[in-house]
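So the structure is just underneath, and the comments pick up after that.
Just follow the structure's listing: the first ligand is 1, and inside any ligand the first atom is 1. Quick caveat, the model's predicted, so the values are computed rather than measured.
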Amino acid sequence: MSEERPVYQVRPPEQPQAFCVERVRADFPILQQQVNGHPLVYLDNAATTQKPECVIQALVDYYRRDNSNVHRGAHALSDRATAAFEEARSKVARLLNAEDARQILWTRGTTESINLVAASWGRSSLQPGDRILVSAMEHHSNIVPWQMVAAERGATVEPIPVDRSGTLDMTALAAMLDGRVRMVAVGHVSNALGSINPVDRIVALAHAAGALVLVDGAQAVAHWSVDVQALGCDFYAFSAHKLFGPTGIGVLYGRRELLEAMPPYQGGGEMIESVSFAGTTYNQLPYKFEAGTPDIAGAIGLGAAVDYLNRLDRAGAARHEEALLARSVALAERVPGLELVGTAAHKASVLSFNLAGVHPADLGTLLDQQGIAVRTGNHCAQPIMEQFGIPGTVRASFSFYNTFDDVDRLFAALEKARQFLQ
Ligand code: PMP
């Protein structure tokens with residue numbers, strides 16, 4: 001029978017091998033290419049991460065062998081698809097150390113996860129005069145959904161101050177927390193600056209003041225193992241595509257009693273227990289929040305990405321990323337006219353910067369011509385760019401598959417661009 005089982009269900013337990021960047025790079029086929037006549041240096045990992053071969057293969061295997069709708073139980077393919085789909089949910093639950101897989105909801109990504117909480121919890125809980133706090137360096141997707149529900153409910157959305165280094169002002173947060181604050185929504189890691197927020201301390205303060213905490217984990221999950229129980233947060237959101245998985249799928253973790261109490265987000269198939277014109281009853285968790293045919297292949301692909309991470313020496317990978325960041329900061333300090341944007345003491349491997357007198361977009365184009373992929377612009381974080389008085393930055397964001405040579409090539413290309421532009 002075993003040959004009938006899809007490969008993503010029959011992984012033998014493997015011991016993580018000590019981290020080796022060259023071995024890891026070989027797992028990512030996209031990295032082995034030339035761009036504009038140069039070997040690709042991919043430094044746009046905060047926008048999306050690349051996919052290891054096993055994730056690509058899991059998607060192909062699913063569509064070649066098991067493609068079928070889930071939870072119908074009508075035939076063998078449906079049973080296989082359902083088993084793999086629900087196994088992926090359990091893998092994510094274990095990855096986040098969630099109490100129960102039913103607390104893992106599939107969404108389209110971080111954006112939809114936050115919209116789900118804002119719409120479902122926000123519409124049913126917020127009262128006029130209630131306050132929602134977000135950090136001043138949030139991604140738009142952790143600002144706008146709150147503004148939308150706040151406008152509907154007569155609540156307000158206020159920024160928690162962030163200083164020039166990109167560090168959240170915890171004293172200001174403590175002072176802002178009063179009985180009217182119902183939700184504190186913060187990024188675990190800022191995508192624009194790389195700052196790591198002290199989520200456990202934020203949770204302690206917010207809970208002591210009676211507020212809930214939603215953590216936007218989009219930029220954290222790829223860098224270290226997140227433990228939602230240790231953090232104590234009420235909601236945790238992330239996107240699979242930033243965790244070496246497919247686009248189009250993401251996760252919302254929520255505390256059980258909150259999810260139980262929240263009304264459905266969308267109506268349709270899957271999310272109901274029974275439907276009649278006399279009245280409809282809703283399904284249990286997690287299906288209550290999963291209307292319609294889900295992204296089955298996406299969930300399975302994310303499950304394969306989790307398997308991949310479990311086989312990786314994550315502590316070694318994290319040390320490697322820290323070393324990449326340290327080297328890039330050291331080299332950046334030697335570039336005349338280069339200003340780092342985001343210099344918090346605790347940072348993920350994100351280097352945001354500007355060159356005096358140069359528009360970030362021009363720099364991005366010149367780097368691209370040399371095979372170097374970075375992101376330029378405001379990084380969907382206009383409020384913090386406005387606070388800093390800049391239109392945007394150039395952002396190089398590293399993953400564990402980047403090398404010291406990638407860092408050196410970035411700075412060699414920057415030097416060339418600088419001489420051309422200045
Ligand atoms: N929050 C943060 C911190 C992000 O970096 C991103 C993606 N740039 C998002 C939210 C939105 O993620 P997605 O577009 O995958 O929903």
ask   = Is the shortest side-chain N to carboxylate O distance from Arg164 to Glu339 below 4.0 Å?
value = yes
query = Which heavy-atom pair separates Ile272 from Gly268 by the least distance, and what is that distance?
reply = CG2-O, 3.8 Å
request  = Run the ring-centre check on Tyr401 versus His320 and record whether the distance is less than 6.0 Å.
outcome  = no
Identity and separation of the nearest protein heavy atom to [atom]:
| atom | answer |
| --- | --- |
| atom 4 (C) of ligand 1 | His139 CD2, 3.4 Å |
| atom 16 (O) of ligand 1 | Thr111 OG1, 2.6 Å |
| atom 7 (C) of ligand 1 | Lys242 NZ, 2.6 Å |
| atom 1 (N) of ligand 1 | Asp216 OD2, 2.5 Å |

Can you tell me if [X] contacts ligand 1 (heavy atom of the residue under 4.0 Å from the ligand)?
| X | answer |
| --- | --- |
| Asn142 | no |
| His379 | no |
| Ser141 | yes |
| His241 | yes |

[X] side chain to [Y] side chain, donor-acceptor N/O pair below 3.5 angstrom:
| X | Y | value |
| --- | --- | --- |
| Tyr308 | Asp27 | yes |
| Glu138 | Ser135 | yes |
| Gln382 | His140 | no |
| Asp163 | Ser165 | yes |

query = Angle class for the His71/Phe85 ring planes (parallel below 30°, perpendicular above 60°, tilted otherwise)?
reply = perpendicular
task = Tell me which part of Glu138 gets within contact of ligand 1: side chain, backbone, both or neither, using heavy atoms under 4.0 Å.
result = neither
inquiry  = Taking 4.0 angstrom as the limit and counting only heavy atoms of Gln219, give me the atoms of ligand 1 inside it, by number and element.
reply    = 3 (C), 4 (C), 5 (O)
query = Hey, which atoms in ligand 1 end up nearer than 4.0 Å to a heavy atom of Ser239?
reply = 12 (O), 13 (P), 15 (O), 16 (O)
